[in-house]
Amino acid sequence: MGTTVITLAAAAYGTTAGLALPRAAYRLSVPPGDPWRAHCPEGHPLRGWLGPARCAPAGGGTAPRYGPRAPGPALLTAAVCAALAAAAGPRPEAVVFVVLAPLLVLLSLVDLAVHRLPDVLTLPLAAACAALLGAAALLPGAAGSWRLALLGGLALGASYLVLFLINPAGMGLGDVKLALALGVALGW
């Protein structure tokens with residue numbers, strides 16, 4: 001498959017995944033220590049984590065919206081996925097980067113809303129990035145090194161931890177945990 005086809009497929013995936021992010025962004029955008037949101041602003045229980053951020057319509061009217069509007073995350077996720085696919089080309093790691101990109105967009109939405117990066121996203125992202133790149137390293141055509149990816153995650157995570165310990169007001173532990181995943185990807 002050519003890079004153009006891969007890029008278009010990644011953009012389509014990004015659009016679909018981005019449309020599913022608003023409800024998760026709303027549920028996770030809470031101050032530290034608060035439980036995840038279980039109800040919309042109108043008081044209706046939220047069902048599921050993925051999908052648009054709309055309350056149930058009252059009396060057949062229009063459904064009130066909350067959280068980020070769907071087109072923004074969808075366009076952003078499509079652009080990120082397309083850029084990653086175009087940069088990686090027809091290699092196994094392109095799939096890994098594109099599959100994980102919606103989590104990064106979700107993290108950015110939550111961070112913009114409440115200035116925090118939830119552990120429920122950062123830690124699984126680091127583990128998934130390491131595991132999936134490990135699987136990609138076994139496939140023909142892989143252009144990176146899993147050993148260097150793991151060392152990159154360790155180095156960037158340790159560097160951010162030192163920065164956090166020097167100046168805890170400068171960044172949070174969520175940034176340190178996100179650095180693990182970013183270091184794995186950059187080390188690849």
For residues 84-92, dump all side-chain donor-acceptor pairs below 3.5 Å to protein atoms at least two apart in sequence or in another chain.
unit_1: R91; atom_1: NH1; unit_2: G141; atom_2: O; d: 3.4

Compile the donor-acceptor pairs under 3.5 Å between side chains in residues 99-107 and protein atoms, sequence neighbours left out, one pair per line.
none

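Atom OH of Y160 sits about 8.0 Å away from atom CG of L178, to the nearest 0.5 Å. Note that the CG atom of L161 and the CG atom of L173 stand 7.5 Å from one another [nearest 0.5 Å]. Of the inter-residue distances, the one linking F97 atom CZ with L132 atom CG reads 10.5 Å to the nearest 0.5 angstrom.
For the side-chain contact (heavy atoms from CB on, under 4.5 Å) test, residues two or more places apart in sequence or in another chain that qualify with A11 are A82.
Side-chain atoms of L19 and P52, non-hydrogen and from C-beta on, never get closer than 4.5 Å to each other. Annotation: side chain of W36 is in contact with side chain of L28 (closest heavy-atom distance under 4.5 Å). Within the 4.5 Å cutoff, side-chain heavy atoms of T4 are placed close to those of L8.
Sorted by first and then second residue, the salt bridge (charged side-chain N to carboxylate O under 4.0 Å, His left out) pairs involving residues 102-126 (not counting sequence neighbours) are D119-K177. Listed by first and then second residue, the salt bridge (charged side-chain N to carboxylate O under 4.0 Å, His left out) pairs that reach into residues 31-41 come to none, sequence neighbours excluded. Residue pairs meeting the ring pair (Phe, Tyr, Trp, His ring centres under 6.0 Å) criterion with at least one partner in residues 102-133, sequence neighbours excluded, are absent. Counting only residues at least two apart or in different chains, side-chain hydrogen bond (donor to acceptor under 3.5 Å, both in side chains) contacts with residues 11-27 are absent. Residue pairs meeting the ring pair (Phe, Tyr, Trp, His ring centres under 6.0 Å) criterion with at least one member in residues 123-158: none, sequence neighbours excluded.
Residue L148 shares its hydrophobic cluster (ILVMFWY side chains chained together at separations under 4.5 Å) with L151. Annotation for V162: hydrophobic cluster partners, listed by chain and number, are I166 (ILVMFWY side-chain heavy atoms under 4.5 Å, direct or chained).
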field: V114 vs V30, side chain to side chain contact (heavy atoms under 4.5 Å, CB included): CA-CA, chis, key distance, verdict
entry: CA-CA 6 Å; V114 291; V30 295; 5.8 Å; no
